[in-house]
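Down below is the structure, laid out as structure tokens.
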Amino acid sequence: MSSERLDFPEGFLWGVATAAHQVEGGNFNNQWWQWEQQGKLHVPDTARVCLDWWHHAEADFDRAKALGLNALRLSVEWSRIEPRPREFDAVAIARYRQLLEGLKARGLTPMVTLHHFTNPLWFEARGGWLHDAAPGLFARFVRKVVEELGDLCDFWCTINEPNIYALTGWVLGDFPPGGQGDVPGALRVLGQLIRAHGVAYTVIHRLQPHARVGWAQNFNTFDPEHRLSPLDVAVTHVRDLLVNDLVPRAIVTGDVPLPLVLLTGDVGEARGTFDYVGINTYYRDLVRFDPTQPGELFGKNVPAPNTPRSDQPVTGTGWGEVYPQGISRVADELKKANKPCYVTESGVADHADRLRPWVLAKAAKAMHDALGRGAEVKGYFHWTLVDNFEWAEGFSTRFGLFALDVPTQRRTARPSADLYGRMARANGVTKELLAPFGDEVVRAAFPSRQ
Ligand code: IFM
């Protein structure tokens, strides 16, 4: 019966998402490694060996295949492929070819991200993304990647979460280069990343006219703490505009509203440069007007009371309400862009697996609802397969379907790995499938029938 089952369209992608620096190990030539060496993480960790994908990714590909998944998102590490300007490393390229062949051999459609937070040191030394030449340098790298790997992949994600890269690196100080409260700097970087996305799109399509090219946008749901407070509503709107809307609007229309465009610069050439939108979504925050926080644009994020919270980072203001429901809000909103979307990331920091089954059920429901309202959602990439290096938090927070014991590299499936595998194999969700995880998980996908 359809009400007892959430079915997904044929060919729907059920995958997992990863990123090079978070899994490969041995990436000693990018700015994150340098940041780790300077002791800038919130915990005493490094990504030294990581999950050792550089040598053993195939064992995890086997795990993904055994679950019954049909897709996997990974990123290529710019600092490996182009360790020095214009010098391309044939050994690194050969290894990436091997990885993509490995995915294909296992029936896992690869989505390849071209930039996921890390930059080669030589690029940083030239001024990183703030240098005028940065989009062109990125385009040169992208051209090489597509020339070398294009026979094995035609599904590209140019840049992962440009908004988070700018926010954490220029405003919050958690990511290199560690800027704090520098909103103008964040906007300048965003402008550069949007232009870089645009040129990358054009380069890829010149080489591969049939390619599917998009980017992954982090959408954080914001709601005013008090809906009737005009000040809460106003500061919420500003956050929404800067965090969620600016990049998609720029890529869809080629416009950034005044006065922000004075900082981002013109992005007209990025107009229409997308075949899909990648949705990364994790949290919701309520926003309260706070006149004492000019650096936070006069707003303070407050978690909604009595809502699900993930494991938390060891420092900082913490992560908001776990909110997979955000997927349907974003997918509905994106219908006006008239292109398909993929959930390129959704997941939860949850070492005990207490919330992950609920997140999976709720995400499936959110996508199913959005599909029912006409959104073209074509796949879901869970973040992530195996616990990995969570940037400033090192290995202190755990997002994996499989737990990782870092010293021994031993992987242990969490119960939700089995659940997600069953969802993928069924291309849908049933009550029976969710029942072992309890009523709340069943209700997450079948709210009215309990
Ligand atoms: O681990 C990150 C990923 O690199 C980008 N999106 C959010 C994930 C979880 O925090």
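Basis for what follows: all heavy atoms, side chains included, without hydrogens, waters or symmetry-related copies. When a residue number appears, it is its place in the shown sequence, counting from 1. Atoms within a ligand are numbered from 1 in the order they appear, just like the ligands themselves.
The residues lining ligand 1, counting any heavy atom closer than 4.0 Å, are Gln22, His116, Phe117, Asn160, Glu161, Tyr282, Glu345, Trp383, Glu390, Trp391, Phe399.
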Result block: side-chain N/O donor-acceptor pairs under 3.5 angstrom for residues 167-179, not counting sequence neighbours:
residue: Thr168; atom: OG1; partner: Ile164; partner atom: O; Å: 2.5
residue: Asp174; atom: OD1; partner: His42; partner atom: NE2; Å: 3.3

Can you give each donor-acceptor pair under 3.5 Å made by side-chain atoms of residues 322-332, sequence neighbours left out, with the distance rounded to 0.1 Å?
residue: Tyr323; atom: OH; partner: Arg329; partner atom: NH1; Å: 3.2
residue: Ser328; atom: OG; partner: Gln325; partner atom: O; Å: 3.2
residue: Arg329; atom: NH1; partner: Asp223; partner atom: OD2; Å: 3.2
residue: Arg329; atom: NH2; partner: Asp223; partner atom: OD1; Å: 2.9
residue: Asp332; atom: OD1; partner: Arg373; partner atom: NE; Å: 3.2
residue: Asp332; atom: OD2; partner: Arg373; partner atom: NE; Å: 3.0
residue: Asp332; atom: OD2; partner: Arg373; partner atom: NH2; Å: 2.8

May I have the list of side-chain donor-acceptor pairs in residues 57-69 shorter than 3.5 Å, sequence neighbours left out?
residue: Glu58; atom: OE1; partner: Arg95; partner atom: NH2; Å: 3.0
residue: Glu58; atom: OE2; partner: Arg95; partner atom: NH1; Å: 2.7
residue: Asp60; atom: OD1; partner: Arg63; partner atom: NH1; Å: 2.7
residue: Asp60; atom: OD1; partner: Arg411; partner atom: NE; Å: 3.1
residue: Asp60; atom: OD2; partner: Trp53; partner atom: NE1; Å: 2.7
residue: Asp60; atom: OD2; partner: Arg411; partner atom: NE; Å: 3.4
residue: Asp60; atom: OD2; partner: Arg411; partner atom: NH2; Å: 2.7
residue: Asp62; atom: OD1; partner: Arg106; partner atom: NE; Å: 2.6
residue: Asp62; atom: OD1; partner: Arg106; partner atom: NH2; Å: 3.2
residue: Arg63; atom: NH1; partner: Ala59; partner atom: O; Å: 3.4

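Here the two rings, on Tyr282 and Trp319, have centers that are 6.0 Å apart or farther.
Thr118 and Glu77 are linked by a side-chain donor-acceptor pair at a separation below 3.5 angstrom, with hydrogens and angles left out of the test. Inspection of the Gln208 and Trp156 side chains reveals an N or O donor paired with an N or O acceptor under 3.5 Å.
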